[in-house]
Amino acid sequence: MKISGIFMLLISCKSTKPTIFDNNIFWYDNLGIREMIKVEGRLNSIDISEKSRVVAFGINLYPNEKEFNLQKPKVFLRNSNTELPLKVFYQFSNDSINRLILYEWDISDALERSELSYNEKRNLNEKCILKFNEIVKLITSKLGEPKEDTTSKSNRREVKWMGKNGLNVFLISFGPNPIRLSIYKE
């Protein structure tokens, strides 16, 4: 699907100023739960909210400084037929306004399959590293240089951006899998 299709759907919502990074990564201010479900429907995503594990969003992923009462996230699976499946978590407050979008690329299940050879597993890990670097370039092209970019001894890499409009973006990888990207405004 082209970005314009998503943009046209979102423009009709009661929101302002979209930030569209690409076909799969976007943010829209004040987007309600119904609008997000429509967006995911247009992307042919699968609602896996009931099947998903409970995710605790740490203070790095979403500090929740205004202490919103948050509902159980809506979770969608996109690109399920690729080597890097993408799960998207929408965290809503009690007023049904989206407060956080968490994108997660996780190949843990594939890496645990015994039929994969060492080279196939290494190839998947390399794809994760490439994906992480691709996301860094994409976000930097839209928001400018990151505010912070650190790598720990355990290969955990964290990159943070702060947009001029108050948009916060936090990207983290756990050497190299999984990759998590959180986008939020307080």
Side-chain angles (χ1 to χ4, degrees), residues 3-4 6-7 9-11 13-33 35-36 39-40 43 45 54-76 78-79 84 86-106 128-186:
I3 294 173
S4 60
I6 296 170
F7 183 74
L9 175 67
L10 292 174
I11 203 78
C13 301
K14 298 178 185 176
S15 302
T16 58
K17 296 222 178 180
T19 303
I20 299 175
F21 297 101
D22 73 5
N23 287 346
N24 280 315
I25 302 172
F26 51 84
W27 173 264
Y28 213 91
D29 288 346
N30 301 317
L31 198 57
I33 193 167
E35 289 87 4
M36 272 307 165
V39 167
E40 291 299 329
L43 292 169
S45 301
V54 175
V55 174
F57 298 109
I59 197 161
N60 281 342
L61 291 175
Y62 182 58
N64 195 11
E65 292 173 0
K66 293 186 179 178
E67 299 181 3
F68 293 110
N69 289 322
L70 301 173
Q71 300 175 10
K72 181 181 177 192
K74 290 292 284 178
V75 185
F76 294 89
R78 295 188 202 156
N79 307 329
L84 296 176
L86 171 60
K87 288 182 188 173
V88 183
F89 299 74
Y90 294 98
Q91 185 68 67
F92 294 91
S93 52
N94 285 343
D95 58 4
S96 295
I97 299 297
N98 186 50
R99 302 296 172 186
L100 164 76
I101 302 175
L102 175 71
Y103 298 90
E104 180 182 73
W105 294 264
D106 189 352
C128 281
I129 292 167
L130 290 172
K131 183 65 174 177
F132 188 92
N133 292 331
E134 174 187 305
I135 296 167
V136 169
K137 287 178 185 173
L138 177 67
I139 304 297
T140 299
S141 74
K142 298 290 185 178
L143 298 181
E145 290 300 315
K147 179 177 108 174
E148 184 180 315
D149 187 345
T150 59
T151 304
S152 72
K153 290 179 184 176
S154 63
N155 287 331
R156 175 179 164 141
R157 184 168 173 204
E158 298 181 1
V159 186
K160 295 180 183 179
W161 293 265
M162 189 172 271
K164 293 177 185 169
N165 60 357
L167 191 65
N168 295 285
V169 179
F170 179 67
L171 178 64
I172 186 170
S173 74
F174 300 89
N177 177 62
I179 299 169
R180 293 189 180 130
L181 173 70
S182 66
I183 304 176
Y184 65 92
K185 268 189 178 180
E186 282 288 350

Could you give me the CA-CA distance, side-chain angles and deciding distance for Ser93 and Arg99, then say whether side chain to side chain donor-acceptor pair (under 3.5 Å) is met?
CA-CA 7 Å; Ser93 52; Arg99 302 296 172 186; 2.9 Å; yes
Working note: Met162 + Phe170, criterion side-chain contact (heavy atoms from CB on, under 4.5 Å); need CA distance, chi angles, decisive distance, verdict.
CA-CA 9 Å; Met162 189 172 271; Phe170 179 67; over 6 Å; no
In sequence, state the C-alpha distance, the side-chain angles, and the governing distance for Phe89 and Tyr103, and then conclude on side-chain contact (heavy atoms from CB on, under 4.5 Å).
CA-CA 6 Å; Phe89 299 74; Tyr103 298 90; over 6 Å; no
Can Val88 and Val75 be said to form a side-chain contact (heavy atoms from CB on, under 4.5 Å), step by step?
CA-CA 6 Å; Val88 183; Val75 185; over 6 Å; no
For Asn98 and Met36, what are the C-alpha separation, side-chain angles and deciding distance, and is it a side-chain contact (heavy atoms from CB on, under 4.5 Å)?
CA-CA 8 Å; Asn98 186 50; Met36 272 307 165; 4.1 Å; yes
Evaluate the criterion salt bridge (charged side-chain N to carboxylate O under 4.0 Å, His left out) for residue pair Lys74 and Glu40; output intermediate values, then yes/no.
CA-CA 11 Å; Lys74 290 292 284 178; Glu40 291 299 329; over 6 Å; no
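The CG atom of Leu43 sits 5.0 Å away from the CZ atom of Arg78 when rounded to the nearest 0.5 Å. Put simply, CG on Leu86 and CZ on Phe76 are 12.0 Å apart, with the number rounded to the nearest 0.5 Å. Here the SG atom belonging to Cys128 is positioned 12.5 Å from the CZ atom belonging to Phe174, to the nearest 0.5 angstrom. Note that the CZ atom of Phe132 and the CG atom of Leu181 stand 9.0 Å from one another [nearest 0.5 Å]. Interatomic distance, CD1 of Ile33 versus CD of Glu35, reported as 10.0 Å (0.5 Å rounding). Atom-to-atom distance recorded for Lys72:NZ and Phe92:CZ is 13.5 Å, nearest 0.5 angstrom.
Contact detail for Trp105 and Leu84: the closest heavy-atom pair is CD1-O, 3.7 Å. Pro146 and Thr140 make their closest contact through CD-OG1, 4.0 Å (heavy atoms, listed as atom of the first residue, atom of the second, distance). Residues Val136 and Trp161 share a closest heavy-atom pair of O-CZ2, 3.7 Å.
Checked by atom type and distance alone, the side chain of Ser173 never pairs as donor or acceptor with a backbone atom of Asn177 at under 3.5 Å. The backbone N or O of Gly166 sits less than 3.5 Å from a side-chain atom of Asn168, completing a donor-acceptor pair.
Looking at heavy atoms from C-beta onward, Arg157 lies out of side-chain contact with Ile172 at the 4.5 angstrom threshold. Ser182 has its side chain within reach of Leu100: a pair of non-hydrogen atoms, C-beta onward, lies under 4.5 Å apart.
A salt bridge links Glu134 with Lys131; the closest basic N to acidic carboxylate O contact falls under 4.0 Å. Electrostatic pairing of Arg180 and Asp106 does not count as a salt bridge here, judged by no charged N lying under 4.0 Å from a carboxylate O.
The only option from Ile179, Leu138, Ile183 that meets the side chain to side chain contact (heavy atoms under 4.5 Å, CB included) definition with Leu171 turns out to be Ile179.
For Tyr184 and Gln91, the side-chain atoms include no donor-acceptor pair closer than 3.5 Å.
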